[in-house]
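To start, the structure under review is shown below, and the notes come after it.
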Amino acid sequence: MKKTWLIAGSSLFIAMAIAALLVMVHPTLAGGAETKGSGAEVKVDNFTFGPDTLTVAVNSTVTWLNKDDIPHVIASNDGLFKSKALDTDQEYSYTFTKAGTYAYYCSIHPKMVGKIVVQ
Amino acid sequence: MTKSKLFDRNPNGLIKHDHNNDGIDRRGFLQCMAWAGTGALCLIEGGVLKSFAFGSPKASEPKSDKIGGLTFVQISDSHMGFNKPANPDVVGTLKAAVDKINALPQQPEFILHTGDISHLSNPEEFDTVDQILKGTNKEIFFVPGEHDVLNDDGKMFRERYAKNFQGSGWYSFDKNGVHFIGLVNVMNLKAGGLGTLGNEQLEWLEDNVRHLKSSTPIVVFAHIPLWTIYPEWGWGTEDGAQALSYLKRFGSVTVLNGHIHQTMQKVEGNVTFHTAFSTAFVQPAPGKAAGPGPMKVPADQLRSLLGLTDVNYVQGRHALALVDTSLA
């Protein structure tokens with residue numbers, strides 16, 4: 001019985017690994033967030049980040065593009081990255097080299113918050 | 001008071017809750033708004049605020065009291081460098097504000113600028129504002145807005161406008177018996193939060209007013225409203241209530257803010273809160289748009305929605321009169 005269970009467990013592990021791989025390849029499965037392999041974009045518009053949670057693969061570069069008539073500053077909550085003020089149509093990029101969840105906000109409009117999930 | 005009542009616009013600037021027909025707003029709320037060239041005049045007396053629409057018989061009353069006292073002007077949110085459709089000519093509207101100031105029948109002794117002098121913290125933007133405001137020939141006191149401290153944690157702002165002041169640029173001064181306190185609530189903002197004063201500034205404030213008599217009229221000015229107007233858009237200050245707790249014992253406290261590009265007023269006990277027009281562009285009323293960004297209005301209406309605040313303190317009466325004047 002125990003052995004059977006272990007085999008079942010292994011199968012489950014493999015199934016989960018495949019599922020995780022699928023999520024990475026087809027990011028739309030991961031709650032509507034998107035990945036574009038090495039690059040992805042967050043649109044800053046109407047004082048919001050779109051999408052507010054973005055899932056990307058390790059070593060992806062995320063670009064924030066400001067579409068507002070007001071400048072914004074992209075800053076990670078823990079101080080890892082911070083842009084200069086982005087005026088209208090200006091952008092800022094950061095490359096995520098380690099897996100993890102990175103919370104960020106606009107440091108001059110702190111009600112604007114977002115997350116980058118790196119897998 | 002519900003939010004919807006607070007934000008109801010009252011085009012005549014008349015009191016909405018005058019239950020005793022004596023001109024006193026018992027419920028402690030009213031707005032003095034100046035739309036389309038109309039105006040409202042608010043007289044604060046012993047911490048109680050009375051309001052008269054311009055042109056009403058009582059509107060002339062405070063004028064007859066202008067013996068001695070102190071008159072100053074608040075301007076705000078010049079956003080020099082802004083060039084989007086909501087106002088492609090912020091130079092022109094700031095110059096119009098200077099013309100309005102110079103045309104005031106009772107000339108102000110000095111000017112308070114409650115921040116967002118520049119749009120992008122560029123030195124040329126500050127230079128342009130300084131040059132235009134020289135046209136008033138008045139002493140000007142500044143506090144920073146978030147647009148003035150964008151890329152250098154406010155270093156340039158402090159060098160230009162707050163060289164000998166405390167911390168990130170807070171300070172106090174006295175004029176004609178009125179104690180003025182300039183606060184900074186646009187630095188070190190935390191994710192998800194509102195404007196912030198911080199412990200160092202709060203401790204300074206508590207100490208700053210400790211020696212003052214309770215009868216001293218207090219004017220506090222800062223960029224982001226110290227009272228919570230609309231937290232969803234960040235229109236408030238996290239620790240504003242704590243700052244105000246140090247001012248509870250004073251008989252007359254006037255809090256002047258900018259940031260929201262529209263006039264709004266609230267009275268709580270002895271404290272009158274007031275926000276000023278911008279000289280640059282209009283922002284929507286709280287919750288009336290998807291976001292708080294610049295709002296394009298018909299060109300012929302723009303100047304009626306921009307302006308300045310004229311403040312008059314009458315000595316011996318502990319009274320401050322606030323008048324919002326549009327640029328139209």
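First the proteins, then the strands, lettered A, B, ... as listed; each starts at 1.
Between A:Ser107 atom OG and B:Met187 atom CE the span is 10.0 Å, to the nearest 0.5 Å. For the atom pair CG of A:Asp87 and CG of B:Asn83, the computed distance is 7.5 Å after rounding to the nearest 0.5 Å. Considering CD of B:Glu146 and CD1 of A:Ile70, their distance stands at 8.0 Å, rounded to 0.5 Å.
With a 4.5 Å cut-off on non-hydrogen atoms, B:His119 touches chain A through its backbone and its side chain both. Neither the backbone nor the side chain of A:Asp68 comes within less than 4.5 Å of any heavy atom in chain B. In this structure, chain A has heavy atoms under 4.5 Å from both the backbone and the side chain of B:Leu189.
For B:Gly193 against A:Pro110, the heavy-atom pair with the smallest separation is O-CG, 3.2 Å. Counting all heavy atoms, side chain and backbone alike, A:Asn46 lies closest to B:Ala290 at ND2-CB, 3.4 Å. In terms of heavy-atom proximity, A:Lys111 sits nearest to B:Trp233 at CG-C, 4.4 Å.
Within a 6.0 Å radius of NZ in A:Lys115, no more than 12 heavy atoms belonging to other residues, nucleotides or ligands are found. Heavy atoms from other residues, nucleotides or ligands lying under 6.0 Å from CG of B:Asn188 number 12 at most. Remark: B:Gln301 CD is packed, more than 12 non-hydrogen atoms of other residues, nucleotides or ligands lying under 6.0 Å away.
At a threshold of 4.5 Å between non-hydrogen side-chain atoms, the residues A:Lys84 and B:Leu150 do not count as touching. Using a 4.5 Å heavy-atom threshold, the side chains of A:Asp69 and B:Pro85 count as touching.
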